[in-house]
Amino acid sequence: MNRYQNKLFMYYDIHRLHREGMSITQIAKYIVADWRTVKKYLSMNEREHEAYLDSLEKRKRELSDYEYFVKEKLTQYPDTSAAQMLDWLKERYPDFPKVNSKTVYNFVMHIRHEYNIPKISPTREYFIVDELPQGKQAQVDFGEYNMRSTDGKRKKVYFFTMVLSYSRFKYVRFVDCPFTSALAIEAHERAFKFFEGIPKEIVYDQDKVFMNNENHGDLILVEQFQSYVTQQRFAIYFCRKADPETKGKVENVVKYVKQNFLYNRIYNALETLNTETLAWLGRTANQMPHGTIKQVPYDLWFEEKDKLAPYVPVSLLLDPEYILYPVRPDNSISYKSCFYSLPQGTYKKPCTNVIVKEENGFVVICDTDNKEICRHKKSTIAGKKVINTDHKRDKTKRINDFIEDLAKCFENTQDATLYLKEIKRHKPRYIRDKIILIKDAFEKYGEGIMNKALAYCMDNQIYSTTDFIAVADN
């Protein structure tokens with residue numbers, strides 16, 4: 001049925017529904033059409049509507065001059081999209097008119113219908129593969145999910161999952177920032193401890209967490225991950241790009257985590273989430289019969305674990321006194337359902353990690369070289385924010401160094417230096433805080449907007465940080 005026949009049937013449906021007492025709005029909702037279309041069709045008699053359809057048939061299409069080109073391309077490449085056709089038309093005809101992409105789409109569909117050229121996408125041939133032997137392989141993947149938090153806001157979490165290919169026995173670990181090589185290594189260690197052994201081979205995507213580059217088939221691993229693989233002595237296999245079928249088992253696990261565990265779950269704290277994850281693995285993910293193999297993963301793992309290589313920790317990360325925690329963007333950490341502040345400037349994009357341990361009733365936070373950053377009295381109240389007000393100031397640099405560094409971010413460094421020094425002259429007591437505000441605005445609005453804001457404020461002698469940000473915002 002072509003679109004003209006559709007319009008004819010729509011005309012009779014509209015008049016029939018109108019005779020049955022339905023209003024224009026009700027008809028529009030019923031047939032899923034615009035109320036203006038309904039009104040226009042009701043205003044026409046049959047002869048007028050037939051004349052209207054005839055005019056549509058005879059109307060020359062806007063792109064009819066390009067019909068031969070489009071037809072030839074579609075005949076040669078039936079899977080061509082309308083977007084690709086638009087690019088080809090622009091390339092072939094420099095004077096191609098500026099039209100809406102929807103116009104090109106409609107024209108391509110018209111040509112397909114007119115010359116019977118259906119869109120045929122290339123298909124990949126698959127063949128059933130044998131199940132892998134016990135202890136042979138595991139697959140790894142990452143996922144992310146936006147959860148609802150207790151304060152009604154959205155909280156984005158990231159998770160690592162590993163699944164043993166034979167038993168489908170699963171492990172999942174959550175963090176609240178994008179995975180780095182260090183966090184991925186920690187997750188591997190936790191997974192191996194959970195599995196009570198290490199498989200001979202692990203399959204991965206070509207992820208930047210593990211790989212720096214690929215040079216004609218030679219994989220260049222991130223140095224930290226390469227060192228870890230050498231120590232734990234397992235083989236690695238990276239899937240080809242756009243080849244998810246190679247590690248379909250773990251991709252199903254990622255989907256399972258999202259749809260079964262995370263769906264409508266409320267985020268309280270990272271430690272709580274990981275505790276809930278282990279409970280879910282124990283009662284559902286590893287205890288329910290698997291949809292494909294129809295057996296319980298835990299039972300198969302109990303048989304498989306003796307075939308895994310013995311697990312020996314190679315890192316202090318699993319020592320309860322030296323646990324690696326991600327620093328939140330607000331320069332704090334979540335530790336045992338409480339939040340502890342760190343000095344401003346500790347967090348660095350995309351992710352910063354610290355070691356957390358307890359000493360004599362204090363929570364001690366150290367950098368990854370085990371050098372102490374700060375310590376807090378341990379809180380016994382869940383959800384409490386333990387803040388050292390002195391952390392709100394970044395004391396790592398002198399004021400003049402701050403001004404110099406921030407001025408270099410602007411295109412006109414000299415004007416920026418003069419402007420920041422003028423702000424210091426007006427509000428010397430709060431200059432550090434004001435510089436931090438402008439620095440944060442730079443990350444928010446970008447270089448172009450901030451340069452324009454600086455020029456405007458200099459021209460109009462505006463030396464208020466609040467006004468400067470307002471200018472950038474407008």
Side-chain angles (χ1 to χ4, degrees), residues 128-143 159-174 179 183-205 207 209-210 221 225-239 245-257 260-261 274-320 322-324:
I128 189 169
V129 296
D130 294 331
E131 287 291 343
L132 292 167
Q134 296 177 348
K136 169 66 176 176
Q137 185 194 87
Q139 298 181 5
V140 164
D141 204 358
F142 299 99
F159 62 92
F160 161 100
T161 183
M162 183 185 291
V163 58
L164 296 175
S165 296
Y166 170 78
S167 62
R168 287 7 183 232
F169 196 68
K170 311 162 192 66
Y171 175 77
V172 181
R173 174 72 178 171
F174 283 89
F179 272 90
L183 286 175
I185 290 171
E186 181 198 0
H188 277 73
E189 288 288 285
R190 291 181 180 275
F192 295 152
K193 184 177 182 181
F194 186 77
F195 293 153
E196 298 182 17
I198 303 175
K200 294 181 176 62
E201 176 190 74
I202 301 181
V203 178
Y204 303 91
D205 264 336
D207 195 290
V209 170
F210 306 118
L221 300 186
F225 184 66
Q226 176 67 76
S227 175
Y228 175 70
V229 171
T230 302
Q231 291 180 72
Q232 280 295 26
R233 299 182 180 180
F234 58 85
I236 57 176
Y237 177 82
F238 285 93
C239 300
E245 290 78 12
T246 306
K247 60 179 192 58
K249 296 181 180 70
V250 74
E251 292 193 346
N252 287 334
V253 175
V254 171
K255 188 187 301 182
Y256 188 36
V257 171
N260 188 284
F261 175 67
N274 279 311
T275 301
E276 293 171 344
T277 304
L278 292 175
W280 174 74
L281 289 169
R283 71 174 178 268
T284 300
N286 290 326
Q287 285 292 345
M288 300 294 289
H290 189 273
T292 301
I293 60 177
K294 309 301 181 185
Q295 297 187 65
V296 176
Y298 177 83
D299 295 341
L300 294 178
W301 164 78
F302 198 78
E303 300 173 6
E304 182 182 17
K305 65 178 182 176
D306 292 336
K307 303 294 183 181
L308 300 171
Y311 165 61
V312 179
V314 298
S315 171
L316 288 175
L317 295 177
L318 292 182
D319 188 320
Y322 296 91
I323 298 177
L324 199 65

### Query
Would Val250 and Val140 count as a side chain to side chain contact (heavy atoms under 4.5 Å, CB included) if you check the C-alpha gap in whole Å, the side-chain angles of each, and the deciding distance to 0.1 Å?
CA-CA 6 Å; Val250 74; Val140 164; 5.6 Å; no
### Message
With a 4.5 Å cut-off on side-chain heavy atoms, are Phe195 and Phe169 touching?
### Response
yes
## Note on the structure
Here the pair of heavy atoms bringing Pro297 nearest to His290 is CD-N, 4.3 Å
### Message
For Phe234, give me all partners under ring pair (Phe, Tyr, Trp, His ring centres under 6.0 Å), at least two apart in sequence or on another chain.
### Response
Phe192
### Query
Between Leu132 and Ser165, which heavy-atom pair has the shortest distance, and what is it?
CD1-CB, 3.8 Å
### Task
Take Asp141 and Val253, measure what side chain to side chain contact (heavy atoms under 4.5 Å, CB included) needs, and give me the verdict at the end.
CA-CA 9 Å; Asp141 204 358; Val253 175; over 6 Å; no
### side chain to side chain contact (heavy atoms under 4.5 Å, CB included) partners for Glu201, two or more places apart
Gln137, Val203, Ala235, Tyr237
### Message
Using a strict threshold of under 4.0 Å (side-chain N to carboxylate O), is an ion pair present between Glu189 and Lys193?
### Response
no
### Task
Please list, chain by chain and in numerical order, all residues satisfying side chain to side chain donor-acceptor pair (under 3.5 Å) with Thr161, sequence neighbours excluded.
none
### Message
Could you walk me through whether Phe160 and Leu183 satisfy the side chain to side chain contact (heavy atoms under 4.5 Å, CB included) test, starting with their C-alpha distance in whole Å, then the side-chain angles of each, then the deciding distance to 0.1 Å, before giving a yes or no?
### Response
CA-CA 9 Å; Phe160 161 100; Leu183 286 175; over 6 Å; no
### Query
How long is the span from the CD atom in Gln232 to the CD1 atom in Ile185, to the nearest 0.5 Å?
10.0 Å
### Query
With sequence neighbours excluded, what pairs up with Tyr166 under the side chain to side chain donor-acceptor pair (under 3.5 Å) test?
Gln134
### Query
Just how far is it from atom OH of Tyr256 to atom CZ of Phe261, taken to the nearest 0.5 Å?
11.5 Å
#### Entry: Those residues that, when tested against Trp301, pass side chain to side chain donor-acceptor pair (under 3.5 Å) (two or more places apart)
none
#### Entry: Any residue meeting side chain to side chain donor-acceptor pair (under 3.5 Å) with Asp299, in chain and number order, not counting sequence neighbours
none
### Query
In Å and rounded to the nearest 0.5 Å, what is the CZ to CE distance from Arg173 to Met162?
13.5 Å
### Task
Sequence neighbours left out, what pairs pass salt bridge (charged side-chain N to carboxylate O under 4.0 Å, His left out) with at least one residue falling in residues 161-170?
Glu131-Arg168
#### Entry: Closest non-hydrogen atom pair, Ala187 against Tyr171
O-CE2, 4.0 Å
### Task
Report the residues that fulfil ring pair (Phe, Tyr, Trp, His ring centres under 6.0 Å) with Tyr204, sequence neighbours left out, ordered by chain and then residue number.
His188, Phe210, Phe225, Phe238
### Query
Where do Ala184 and Phe142 come nearest, in terms of heavy atoms and distance?
CB-CZ, 4.2 Å
### Query
How long is the span from the NZ atom in Lys307 to the NZ atom in Lys136, to the nearest 0.5 Å?
14.0 Å
#### Entry: Which atom of Leu308 lies closest to which atom of Gly135, heavy atoms considered
CD2-CA, 3.7 Å
### Message
Please enumerate all residues that pass salt bridge (charged side-chain N to carboxylate O under 4.0 Å, His left out) together with Glu196, with sequence neighbours excluded.
### Response
Lys305
### Task
Find out whether Asn252 and Thr292 are in side-chain contact, i.e. whether some heavy atom of one side chain is under 4.5 Å from a heavy atom of the other.
no
### Side-chain donor/acceptor of Asn274 to backbone N/O of Phe174, under 3.5 Å
yes
#### Entry: For the student: nearest non-hydrogen atoms of Leu300 and Gln295, plus distance
CD2-OE1, 3.5 Å
### Task
Please name all residues satisfying salt bridge (charged side-chain N to carboxylate O under 4.0 Å, His left out) with Glu276, sequence neighbours left out, ordered by chain then number.
Arg265
